[in-house]
Amino acid sequence: MQGSDDHSGNMAAPAYAPKAGGIAARARQGAMAAHTPPSWLDGLNPEQRLAVETTEGPLLVLAGAGTGKTRVLTTRIAHILASGLAMPSQILAVTFTNKAAREMKERIGHLVGPAAEGMPWLGTFHAISTKLLRRHAELVSLKPTFTILDTDDQIRLMKQVLQAEGVDEKRWPARQLANLIDGWKNRALSPAQVPAGEGAAFANGRGGKLYAMYQERLKTLNAADFGDLLLESIRLFREQPDVLAMYQQRFRYMLVDEYQDTNVAQYLWLRLLAQGRDPAHRNLCCVGDDDQSIYGWRGAEVDNILRFEHDFPGAQVVRLERNYRSTGHILTAASELIARNEGRLGKRLRTEDEDGEKVAITGAWDSEEEARLVGEEIEALQAKGHSLGDMAILVRISAQMREMEDRLVQLGVPYRVIGGPRFYERMEIRDAMAYLRCVVSPADDLAFERIVNTPKRGLGDATLQVLHAHARAARIPLMEAARYLVETEELKPKPRKTIRDLLADFGRWSAAATRMRQGELAELVLEESGYTEMWRRDRSAEASGRLDNLKELVRSLEEFPDLQSFLEHVSLVMEAADGDTGERVSLMTLHAAKGLEFDTVFLPGWEEGLFPNQRALDESGRAGLEEERRLAHVGITRARKRARIYFASNRRIHGLWNATIPSRFIDELPESAVEVLDAPASYSYGGYGQNNGYGQSRFDRAAGGYAGAAETAPSSYATPGWQRAQARGFGQGGFGRDGYGAGGSQFAAGRGGARGKGKGGPVIEGELVARSTGASSFSVGDRIFHQKFGPGSVALVDGNKLTVDFDKAGRKTVLDSFVEAT
DNA sequence: ACATGTTAAGTTTTT
DNA sequence: CTTAACATGT
């Protein structure tokens with residue numbers, strides 16, 4: 001039996017309580033009672049059941065919105081386990097997000113009980129890849145302890161590469177290079193495989209070279225970025241057929257969630273594993289919905305799902321079209337809309353539920369009125385007893401959020417922003433982690449650089465440059481370079497002492513690490529480094545929140561067996577600890593809403609240019625339009641009972657007011673499923689739904705020709721929120737130029753606060769004149785030249801340390817990497 | 001080394 | 001209009 005070590009390596013260790021008498025128990029009973037169908041199949045509809053029971057061979061499950069996708073996935077795993085087709089460690093189940101993985105684990109736990117213990121290979125592409133790579137790191141020239149770089153580290157490293165290459169960072173920002181390289185990695189292109197034209201487009205033809213250099217630096221640092229996790233796994237599979245064969249053999253059943261979101265690299269990764277020699281192990285089940293593919297812009301290939309039957313010959317396809325979420329009108333509206341797309345496999349959602357409310361479309365004069373209308377509707381529903389937790393506002397771009405937030409703040413409606421900065425992206429968390437990373441692996445330059453002057457120690461650019469120069473020349477990590485430099489007079493006395501102290505601190509902490517629990521260690525480090533003190537002294541509004549976050553960090557640290565696994569968890573898994581207190585309206589982008597559902601969904605901003613977004617149209621043409629339409633489809637199908645679409649005739653774009661016209665998507669909605677609210681009399685309903693092309697909508701208004709819907713709906717001023725707002729002394733509503741805008745939006749605070757300190761990256765001098773380390777090439781009496789101290793002659797040689805009598809500066813101790821022979 | 005003023009730029013986001 | 005990175009001044 002292979003994989004006896006599987007359980008130990010399981011990263012997330014959720015403590016779900018297995019239910020007694022789960023499927024396994026029932027399966028045993030079932031087996032005895034012969035022909036009774038296993039109980040876990042109860043309540044599945046015929047298609048779902050087919051998807052669960054078709055265990056052998058490639059299978060594509062096209063699961064429309066709200067058709068019980070997760071249920072099928074989890075039941076299928078339960079079915080495989082309970083029928084004894086495979087052990088938990090022989091099932092590979094891949095998701096995109098940790099959230100999805102966690103949910104799946106939990107639900108399988110509920111279904112199967114203790115039998116599911118483990119599921120060691122259930123996780124995200126990245127988490128599973130990491131696990132693979134740690135086991136076989138040496139085969140792809142990494143050490144098993146490699147660090148995973150997040151976007152922030154990535155950019156910092158690219159800055160270094162750009163500087164080393166002498167590329168002007170103004171013209172060619174590191175951010176852009178990062179996107180470019182990410183794009184290549186999404187398509188599984190190694191530096192050598194980058195099409196010449198694409199590499200040439202960056203930094204005067206140096207794009208490809210920079211990519212290669214970046215990869216080299218990663219290897220030197222024993223690090224991998226997110227893309228590498230997949231790419232290196234693919235390389236491992238390709239270059240080590242025996243390793244690949246082993247995993248092909250092990251994974252008897254493979255399941256992939258959200259298959260429409262896979263990129264080329266993920267597709268290759270899957271295909272390698274799914275195309276083993278033994279046909280009995282080619283049991284790949286992909287679940288997805290081509291109509292919900294909304295991540296094309298970040299490398300997802302809808303084509304993967306469209307081509308499934310071609311890629312995996314003999315594949316069966318099961319369509320789940322029975323929707324259990326939304327009422328009839330909502331489904332009709334969404335279905336008609338998405339039917340306009342050409343590149344799709346074709347599905348039609350249906351429900352046995354009643355028609356329910358029609359999709360409401362409301363026009364507003366401008367975006368402020370739009371926000372007001374949404375706010376009023378929320379309050380009206382609330383007054384009727386609807387819970388705020390069952391309502392969501394879904395926007396196309398996050399810039400739309402501010403206005404909505406402002407309005408909600410004014411009305412005193414509690415809300416929560418979904419998809420803000422993640423916990424681990426917060427400055428204080430990243431800082432704290434950098435300290436721990438330095439303790440665990442002193443060679444982690446990126447971490448060292450981050451905290452070397454945080455809190456402020458008076459170590460500025462000048463000092464850092466000296467450190468870098470020597471580290472670069474001697475090809476050693478920064479911290480090691482620092483250890484040499486404090487022995488010399490290269491540094492000014494003050495920074496020299498500071499660094500010496502810092503090094504002593506790290507020495508102490510490393511020693512402490514071996515005998516302390518990691519939580520204690522973290523507390524010690526954060527305290528002694530002065531980091532917590534820094535925030536305690538900080539009188540700004542966010543400071544206390546940051547201290548809380550640090551406490552939370554220390555607390556969660558204790559849940560892990562060791563520091564190493566914690567650091568991995570944070571870079572791969574950690575999420576915002578959302579204060580889930582009380583009922584709140586959810587506010588998020590359409591992208592963030594995928595997979596969620598609400599009774600009532602508000603969809604503001606349906607205007608040409610904003611939605612469909614002009615940029616998507618410009619950059620991707622028809623494909624872009626279709627993706628926007630899928631986004632609209634996702635938005636509508638989030639609603640269980642009520643979907644409300646809004647558009648404004650005027651919207652501020654980059655500060656300027658622009659006249660806007662309603663989205664073509666509005667015209668694409670079927671008349672039968674839609675009702676128009678608060679529309680002024682001048683806008684008749686006739687001819688609506690004829691799709692007369694965009695720009696011709698019945699909702700068009702001559703800019704300025706309309707006085708605003710507020711006047712047509714005076715009753716809305718009687719809402720509790722309006723009265724509250726009045727009572728608080730806010731100005732008249734009217735057209736809203738009365739400058740309310742209460743400052744403290746949660747979202748704004750969170751975002752602004754999370755920004756890094758923006759310290760300029762380290763400076764690496766142009767040439768990579770690598771002088772091999774070891775014994776110094778200088779001897780007593782040599783004439784040399786030093787950048788800072790000028791000419792002099794060598795008086796003493798001690799390894800790479802030289803004592804030099806300088807002509808002007810007198811006797812100094814310096815490192816040989818800083819002097820040149822003359 | 002740090003605070004303050006100036007300027008440029010401005011979808012969607014996970015791992 | 002807003003925000004963040006940059007440049008300048010103390």
Side-chain angles (χ1 to χ4, degrees), chain A residues 94-101 123-130 148-151 154 169-170 173-175 179 182 185-186 224-230 258 261-263 265-266 294-300 367 394-403 406 418-422 424-425 453 456-464 492 494-495 568-575 588-595 605 609-620 624 627-628 630-631 634-635 651-658 739 741 743 745 748 751-752 754-760:
Chain A
V94 204
T95 63
F96 271 84
T97 63
N98 294 301
K99 195 171 152 223
T124 63
F125 276 102
H126 298 269
I128 292 171
S129 295
T130 305
I148 298 165
L149 302 191
D150 61 24
T151 321
Q154 211 183 106
E169 273 185 79
K170 300 272 163 54
R175 167 100 248 157
N179 287 333
D182 272 350
K185 289 188 174 178
N186 284 338
D225 64 20
F226 288 124
D228 282 346
L229 296 176
L230 285 157
E258 306 279 16
D261 286 339
T262 49
N263 61 33
Q266 286 153 344
I294 55 175
Y295 286 110
W297 51 271
R298 73 177 193 214
S367 48
L394 312 183
V395 296
R396 174 67 242 276
I397 63 171
S398 33
Q400 286 173 264
M401 288 204 208
R402 175 167 306 274
E403 239 165 351
D406 284 352
I418 312 272
R422 315 253 159 278
Y424 66 83
E425 278 167 3
N453 197 32
K456 301 263 182 290
R457 301 189 167 90
L459 299 172
D461 277 353
T463 312
L464 211 57
K492 297 228 170 71
K494 212 169 73 188
E568 177 140 320
H569 174 83
V570 174
S571 59
L572 226 45
V573 179
M574 197 100 144
E575 279 164 69
M588 69 194 95
T589 63
L590 286 162
H591 284 90
K594 195 169 79 159
L610 178 63
F611 190 36
N613 191 269
Q614 193 57 48
R615 204 145 145 183
L617 263 37
D618 291 346
E619 280 170 19
S620 316
E627 183 153 316
E628 294 286 302
R630 291 193 289 265
L631 207 42
V634 166
R651 186 172 296 273
R652 207 164 19 196
I653 301 164
H654 302 334
L656 298 167
W657 284 94
N658 286 71
S745 131
R751 290 203 124 189
R755 300 288 169 192
K757 270 269 137 103
K759 270 258 148 29

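Each chain gets a letter, A, B and so on, in the order its sequence line appears, and its residues count up from 1. Keep in mind that this is a model prediction, so the values were computed, not measured.
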Original post:
Between dT11(B), dC1(C), dT15(B), which one does the side chain of Arg652(A) approach most closely?
Top reply: dC1(C)
**OP:** Check whether any side-chain nitrogen or oxygen of Asn613(A) sits under 4.0 Å from OP1 or OP2 of dT12(B), and answer yes or no.
**Re:** no
Original post:
Base, sugar-phosphate, or nothing: which does Gln154(A) touch, judged by heavy atoms less than 4.0 Å apart?
Top reply: nothing
Original post:
What do you reckon, do His654(A) and the base of dA9(B) stack, with centroid distance below 5.5 Å and planes below 30°?
Top reply: no
**OP:** Verify the contact: side-chain N or O of Thr589(A) to OP1 or OP2 of dT13(B), cut-off strictly under 4.0 Å; return yes or no.
**Re:** yes
**OP:** Return the nearest nucleotide to the side chain of Arg298(A); candidates are dT11(B), dT13(B), dC2(B).
**Re:** dT13(B)
Original post:
Do the side-chain N or O atoms of Ser398(A) get closer than 4.0 angstrom to the phosphate oxygens (OP1, OP2) of dT12(B)?
Top reply: yes
Original post:
His591(A) side chain: which of dT13(B), dT15(B), dC1(C) is closest?
Top reply: dT13(B)
**OP:** Return no unless some side-chain N or O of Arg457(A) is found under 4.0 Å from OP1 or OP2 of dA1(B).
**Re:** no
**OP:** Could you check if the base of dT11(B) is syn or anti? Syn means the glycosidic torsion is within 90 degrees of 0.
**Re:** syn
Subject >> Atom P, compared across dA4(C) and dT13(B): separation rounded to whole Å >> reply: 16 Å
**OP:** Describe the nucleic acid contact of Glu403(A) in one word from base, sugar-phosphate, nothing, applying a heavy-atom distance below 4.0 Å.
**Re:** nothing
